[in-house]
Amino acid sequence: MIDIKFLRENPDVVRASQKARGEDVSIIEKALAADEVRKVALDQFETLRAEQNLLSKSVATAKGEEKAALLDSAKTLAAKVKEADVKRTQCEAEAKAFIMQISNVIDPQAPIGKEEDFVVIENVGKPRAFDFEPKDHVELGKLLGAIDTERGAKVAGSRSYYLTGVGAMLEFALVNYAITSANKAGFTPVIPPVLVNPAAMEGTGFLGQAAENVYHLEKDDVYLVGTSEVPLAAMHMDEILAAEKLPMRYAGYSTCFRREAGTYGKDTRGIIRVHQFDKVEMFSFCHPDQAKEEHLRLLQWEKDFLNAMEIPYRVIDVASGDLGSSANRKFDIEAWIPTQDVYREVTSTSNCTEFQARRLNIRFKDKDATKAVATLNGTLVAIPRMIVAILENHQNADGTVNIPVALQPFLGTKRFELV
RNA sequence: GGAGGGCUCGCAUAGCGGCCGAGUGCACCGGUCUUGAAAACCGGCAUACGAAAGUAUCGUGGGUUCAAAUCCCACGCCCUCCGCCA
């Protein structure tokens, strides 16, 4: 949710932001108008209510006929108050509905444009030159006994898979390495709930346009999270955090569930796009003035991870049109996938400034006031995509795969052998 | 799944339908006193919107009433017991 005061004072900035995102600009006039109507309705209600409170008090002390007369006028006033109250509630809901539709104001430094208008910030490492025909991760996964997509489909449908043998071990190694390094960097490791209530989902902004990609368990009205960002952000919902404790950083390990609606035919082979996967996610609550720096720190931790995995990648500054509604800037890291001959997104970090915290009502006390904190998130490792990158980039001609040095202690070997 | 009990300002509690946005204790902050501290004493201590007046908030939502923390209904959460269970 954007700051209504900011909107009132800087409608042009918000308008420009909406436009850059390719989103509805007219919503701003509607929101401002509805806000005016809301204020009038609120004022009318409050005036009547004040009158009623006053009158009610005099009823208490009055006696006899005087009391009867007062009661009479109090009754008619009560009806008016009720009417005004209904109207106020209505106007408030309308105004809020408009305001909630407005996305976060983009960072002026974010590139303007559509999905393809991202800016490459840097390239790290060089795509490997193979002196043999590289196999894709599906084939390698079979040879190593690591990935079984056929049985995944048999048992759970498309976009499902089994990680077996070294595939399962590789997940444990990746998670261990990720959590261990995050812990060293000062993150509190967290295993959050993956089944959350509507308030958590709504507050983190996943019930808007993103709703169709979320699994909902109707009978119990709970949701399966698509990322641990949801339970991590909602962890401090309705709390006032101690200013001196900021930034508060958490590394959450959880399963993520995604319906992948509307992606038929996209990445159907392998485990690039799946309904269920595990992920270690970084989440930070920080002072709004620190958000930009914190965002770069999250990006650096992501790069450290990719570097440790010895995988060539590039960092892109995501264009305005491709930002999530809560983010004001987003950096993606894309790993080189040899058999696709392209860079594919493996991690992503977003600066949500105070946008998300305002919805979730997460604040801190400043000298002069209680204000919303800034929230930021970033992927440390999303398992399937990292497995794809490792298998494909570190494969040998015979189908064996070399293990990055950083993971060797967790796996007790330097190479995955054929089964 | 069944049976009970509870949800009030950081914590613990008080609260007759009007004098309750709400008392008390603890904690916390400021001051007096003290070489310093403790104790004692004095004062301050919920949040949001608003320039202010004011309005709203006693788990949440509805209802009764001129008037609800207080009465009624529904839901949520917590606790205890029984059943089931990794």
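Keep in mind it's a predicted model, so treat the numbers as computed, not measured. Hydrogens, waters and symmetry mates play no part in the numbers below; they use all other heavy atoms, side chains included. Lettering follows sequence order; numbering is per chain, from 1.
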[N] pairs with, by Watson-Crick or G-U criteria that keep both distances under 3.5 Å:
N      : value
B:rC81 : B:rG2
B:rA67 : none
B:rA40 : B:rU32
B:rC7  : B:rG76
B:rA22 : none
B:rU57 : B:rA46

Quick one: ring pair (Phe, Tyr, Trp, His ring centres under 6.0 Å) partners of A:Tyr253, sequence neighbours excluded?
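Per chain and number, A:Tyr253 pairs via ring pair (Phe, Tyr, Trp, His ring centres under 6.0 Å) with no residue.
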Euclidean distance for [atom1], [N] against [M] (whole angstrom):
N      : M      : atom1 : result
B:rA38 : B:rA52 : C1'   : 44 Å
B:rC71 : B:rC58 : P     : 14 Å
B:rU70 : B:rG15 : P     : 15 Å
B:rA22 : B:rC9  : C1'   : 9 Å
B:rC73 : B:rU64 : P     : 15 Å
B:rG50 : B:rG43 : C1'   : 28 Å
B:rG59 : B:rG6  : C1'   : 11 Å
B:rA27 : B:rC45 : C1'   : 11 Å

Could you list the residues that satisfy side chain to side chain contact (heavy atoms under 4.5 Å, CB included) with A:Ala78, not counting sequence neighbours?
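Only A:Gln52 meet the side chain to side chain contact (heavy atoms under 4.5 Å, CB included) criterion with A:Ala78.
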Name all residues meeting the side chain to side chain contact (heavy atoms under 4.5 Å, CB included) criterion together with A:Asp35; count only those two or more places apart in sequence or in a different chain, and write none if there are none.
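Applying side chain to side chain contact (heavy atoms under 4.5 Å, CB included) to A:Asp35 gives A:Ile4, A:Arg8, A:Arg38, A:Lys39.
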Is a donor from one side chain sitting under 3.5 angstrom from an acceptor on the other, for A:Asp304 and A:Ser181?
no
Without hydrogens or angle criteria, can the side chains of A:Ser348 and A:Asp332 be said to hold a donor-acceptor pair below 3.5 Å?
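Judged by distance alone, the side chains do pair up.
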Can you measure [X] atom [atom1] to [N] atom [atom2] for me and round it to whole angstrom units?
X        : N      : atom1 : atom2 : result
A:Lys245 : B:rG10 : NZ    : C1'   : 13 Å
A:Asp85  : B:rA67 : CG    : P     : 12 Å
A:Arg88  : B:rA56 : CZ    : P     : 8 Å
A:Asn197 : B:rG76 : CG    : P     : 12 Å
A:Glu51  : B:rA53 : CD    : P     : 19 Å
A:Asp238 : B:rC9  : CG    : C1'   : 16 Å
A:Glu92  : B:rU57 : CD    : C1'   : 13 Å
A:Leu55  : B:rG18 : CG    : P     : 18 Å

For this output row, return yes or no: ring centroids of [X] and [Y] closer than 6.0 angstrom.
X        : Y        : result
A:His394 : A:Phe416 : no
A:His236 : A:Tyr250 : yes
A:Phe277 : A:Tyr161 : no

5'-most contact on RNA chain B (nearest-nucleotide basis), A:Thr89 vs A:Ser56, goes to A:Ser56
Ignoring backbone atoms, establish whether [X] has a side-chain N or O less than 4.0 Å from OP1 or OP2 of [N].
X       : N      : result
A:Arg49 : B:rG54 : no
A:Asn53 : B:rG54 : no
A:Gln52 : B:rA67 : yes

Partner residues of A:Arg88 under the salt bridge (charged side-chain N to carboxylate O under 4.0 Å, His left out) criterion, sequence neighbours left out
A:Asp85
Could you write nucleotides 45-51 of chain B as a row of B, S and -, 5' to 3', where a protein heavy atom under 4.0 Å of any base atom gives B, of only sugar-phosphate atoms gives S, and otherwise -?
--SS-S-
Salt bridge or not for A:Asp267 and A:Arg159, using N-O below 4.0 Å?
no
Going by heavy atoms closer than 4.0 Å, what residues in residues 71-83 of chain A are next to RNA chain B?
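RNA chain B contact set from residues 71-83 of chain A: A:Leu71, A:Ala74, A:Lys75, A:Ala78, A:Lys82.
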Hey, does A:Met201 have a side-chain heavy atom less than 4.5 Å from the side chain of A:His216?
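Of all side-chain heavy-atom pairs linking A:Met201 with A:His216, none is under 4.5 Å.
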